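Quantities reported herein were computed from a predicted structural model and do not represent experimental measurements. Atoms within each ligand, like the ligands themselves, are counted from 1 in listed order. When reading the values below, keep in mind they use all heavy atoms of this one structure, side chains included, and skip hydrogens, waters and symmetry mates.
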Amino acid sequence: MPPKPMEHPARKRFGQNFLVDQNIIEKIVAAIAPQPDQNLIEIGPGQGAITRPLLDKCPKLNAVELDRDLIPILQNKFQQYSGLTIHQGDALKTDFGQFYQEHNPLRIIGNLPYNISTPLLFHLLSFNKQIRDMFFMLQKEVVERLGATPGEKHYGRLSVMAQYHCKVQTLFLVPPTAFRPAPKVESAIVQLRPYDEPPYKANNPSLLSKLVRTCFQQRRKTIKNSLKLFLNTEQIGQLTIDLTLRPENLSVEEFVQLSNQMDALL
Ligand code: SAM
């Protein structure tokens with residue numbers, strides 16, 4: 001008798017909702033359009049639903065999976081794919097720069113665990129210079145936050161920082177029925193493509209990042225209120241932005257302008 005395939009119960013604490021809909025899997029892989037020599041990284045391969053069709057198009061792939069029990073299952077399933085390297089570890093702590101090769105920037109893919117998606121996106125943005133593009137399955141609401149514009153309900157810190165670094169494109173929605181177990185929420189696929197040169201350039205990116213974080217920590221207050229944590233009254237008086245605006249009304253361009261003016265004063 002052939003050996004019984006290993007069973008793996010889905011674990012809620014690891015955000016495990018495994019993709020089972022072949023049409024959706026094909027649609028995701030078609031959107032990524034992997035080419036044989038590319039530098040693919042998959043976050044959270046799970047039981048390999050997307051890993052296999054990716055490997056069939058591009059034999060070299062690094063995968064980062066947190067759940068130790070999935071490692072032997074993946075190794076067993078993909079033993080004939082010598083280009084697959086499985087790294088057991090936490091994607092939140094992974095140095096994605098280690099996978100970068102000159103002239104071969106990273107293409108990062110993942111049906112991400114929804115419980116860590118926001119901190120993971122911020123972590124990944126810190127490697128933006130080494131990334132060619134990213135394709136993620138996320139909770140629909142997180143995709144809406146990534147693409148939101150000023151004044152929209154979902155506009156916030158994630159929207160500003162993602163759009164500062166990347167062109168954000170929502171590709172398509174995915175219903176709960178595409179997964180086992182089915183999540184309670186709708187999902188969507190988003191593509192993030194880091195800019196070689198951002199359309200609005202911050203002279204001090206770390207100041208921009210602190211400014212955006214501080215402003216959205218007090219999103220109901222005016223910008224002036226948050227600026228008091230960075231500048232004195234005289235310096236605030238020299239800024240040309242309308243300080244009565246709330247952060248949710250400031251565009252990415254205006255945040256960058258503001259941070260550049262602040263940088264010149266500090
Ligand atoms: N890619 C598979 C699929 O589409 O069927 C699994 C997707 S499931 C939503 C998320 C995967 O991420 C799980 O395999 C889970 O164990 C893994 N995971 C959860 N937290 C992680 C972390 N911090 N770092 C790396 N992988 C993680």
Asks: Under a 3.5 Å distance rule, please check whether Asn260 uses its side chain to pair with a backbone N or O of Lys201 as donor and acceptor.
Replies: yes
Asks: Which atoms of ligand 1 have any heavy atom of Ile116 under 4.0 Å away?
Replies: 22 (C), 23 (N)
Asks: Any idea which protein heavy atom is nearest atom 19 (C) of ligand 1, and the distance to it?
Replies: Phe14 O, 3.0 Å
Asks: Look only at interatomic distance and state if Ala91 has a nitrogen or oxygen under 3.5 Å from any nitrogen or oxygen of ligand 1.
Replies: yes
Asks: Please list, in number order, the atoms of ligand 1 under 4.0 Å from a heavy atom of Pro45.
Replies: 1 (N), 2 (C)
Asks: Under a 4.5 Å cut-off applied to non-hydrogen side-chain atoms, are Leu138 and Ser187 in contact?
Replies: no
Asks: Measure the distance from atom 6 (C) of ligand 1 to every protein heavy atom, then report the residue, atom name and distance (to 0.1 Å) of the closest one.
Replies: Gly44 O, 3.4 Å
Asks: What protein heavy atom lies closest to atom 21 (C) of ligand 1? Include the residue and the distance to one decimal.
Replies: Leu66 CB, 3.6 Å
Asks: Measuring from non-hydrogen atoms of Glu42 to any atom of ligand 1, is the shortest distance under 4.0 Å?
Replies: yes
Asks: Is the shortest N/O to N/O distance between Asn111 and ligand 1 below 3.5 Å?
Replies: yes
Asks: Quick one: look up the protein heavy atom nearest atom 13 (C) of ligand 1 and list residue, atom name and how far away it is.
Replies: Gln16 CG, 3.6 Å
Asks: Measure the distances from the heavy atoms of Gly89 to every atom of ligand 1 and state whether one is below 4.0 angstrom.
Replies: yes
Asks: Are Phe99 and His87 close enough that their ring centers fall under 6.0 Å?
Replies: yes
Asks: Which pair of non-hydrogen atoms, one from Val142 and one from Ser117, has the smallest distance, and what is that distance?
Replies: CG2-OG, 4.1 Å
Asks: At less than 4.0 angstrom from any non-hydrogen atom of Asn17, what atoms of ligand 1 do you find?
Replies: 7 (C), 8 (S), 9 (C)
Asks: Which ligand 1 atoms does Ala49 reach within 4.0 Å, using its non-hydrogen atoms?
Replies: 5 (O)
Asks: What do you reckon, does Phe18 have a nitrogen or oxygen under 3.5 Å from a nitrogen or oxygen of ligand 1?
Replies: no
Asks: Please state which protein non-hydrogen atom is closest to atom 20 (N) of ligand 1 and give its distance, to 0.1 Å?
Replies: Pro113 CG, 3.5 Å
Asks: Please check if atom NZ in Lys210 has more than 12 non-hydrogen atoms from other residues, nucleotides or ligands closer than 6.0 Å.
Replies: no
Asks: Any N or O on Leu19 sitting closer than 3.5 Å to an N or O of ligand 1?
Replies: yes
Asks: Scan side-chain atoms only and decide if Gln16 and Asp67 contain a donor-acceptor pair under the 3.5 Å cut-off.
Replies: yes
Asks: Of all the heavy-atom pairs spanning Leu207 and Ser259, show the shortest one and how long it is.
Replies: CD2-O, 3.5 Å
Asks: Just to verify, what does His154 make a ring pair (Phe, Tyr, Trp, His ring centres under 6.0 Å) with, not counting sequence neighbours?
Replies: none
Asks: Which is it for Leu70 and ligand 1 at heavy atoms under 4.0 Å: side chain, backbone, both or neither?
Replies: side chain
Asks: Checking a contact table here: which protein heavy atom is nearest atom 16 (O) of ligand 1, and how many Å away?
Replies: Glu65 OE2, 2.5 Å
Asks: With a distance cut-off below 6.0 Å to the six-membered ring centre and an angular limit of 45° from the axis, does Arg157 pair with Phe122 as a cation-pi contact?
Replies: yes
Asks: Below 30° counts as parallel, above 60° as perpendicular, anything between as tilted: where do the rings of Phe216 and Tyr155 land?
Replies: perpendicular
Asks: How does Thr51 reach ligand 1, if at all, at less than 4.0 Å between non-hydrogen atoms: by side chain, backbone, both, or neither?
Replies: neither
Asks: So, the side chain of Gln88 versus the backbone of Leu66: is there a donor-acceptor pair under 3.5 Å, distance only?
Replies: yes
Asks: Going by the order shown, which atoms of ligand 1 are within less than 4.0 Å of some heavy atom of Val64?
Replies: 25 (C), 26 (N)
Asks: Are Lys60 and Asp37 close enough, and set up right, to give a salt bridge (Lys or Arg N to Asp or Glu O under 4.0 Å), and what steps lead you there?
Replies: CA-CA 7 Å; Lys60 190 181 160 337; Asp37 298 325; over 6 Å; no
Asks: Based purely on interatomic distance, does Asp67 place a nitrogen or oxygen under 3.5 Å from a nitrogen or oxygen of ligand 1?
Replies: no
Asks: Would you call Arg220 and Glu248 a salt bridge, using N to O less than 4.0 angstrom?
Replies: yes
Asks: Quick test: of every protein heavy atom, which one is nearest to atom 9 (C) of ligand 1, and how far off is it to 0.1 Å?
Replies: Gly15 O, 3.1 Å
Asks: For atom 23 (N) of ligand 1, what is the closest protein heavy atom, and at what distance to 0.1 Å?
Replies: Asp90 OD1, 2.8 Å
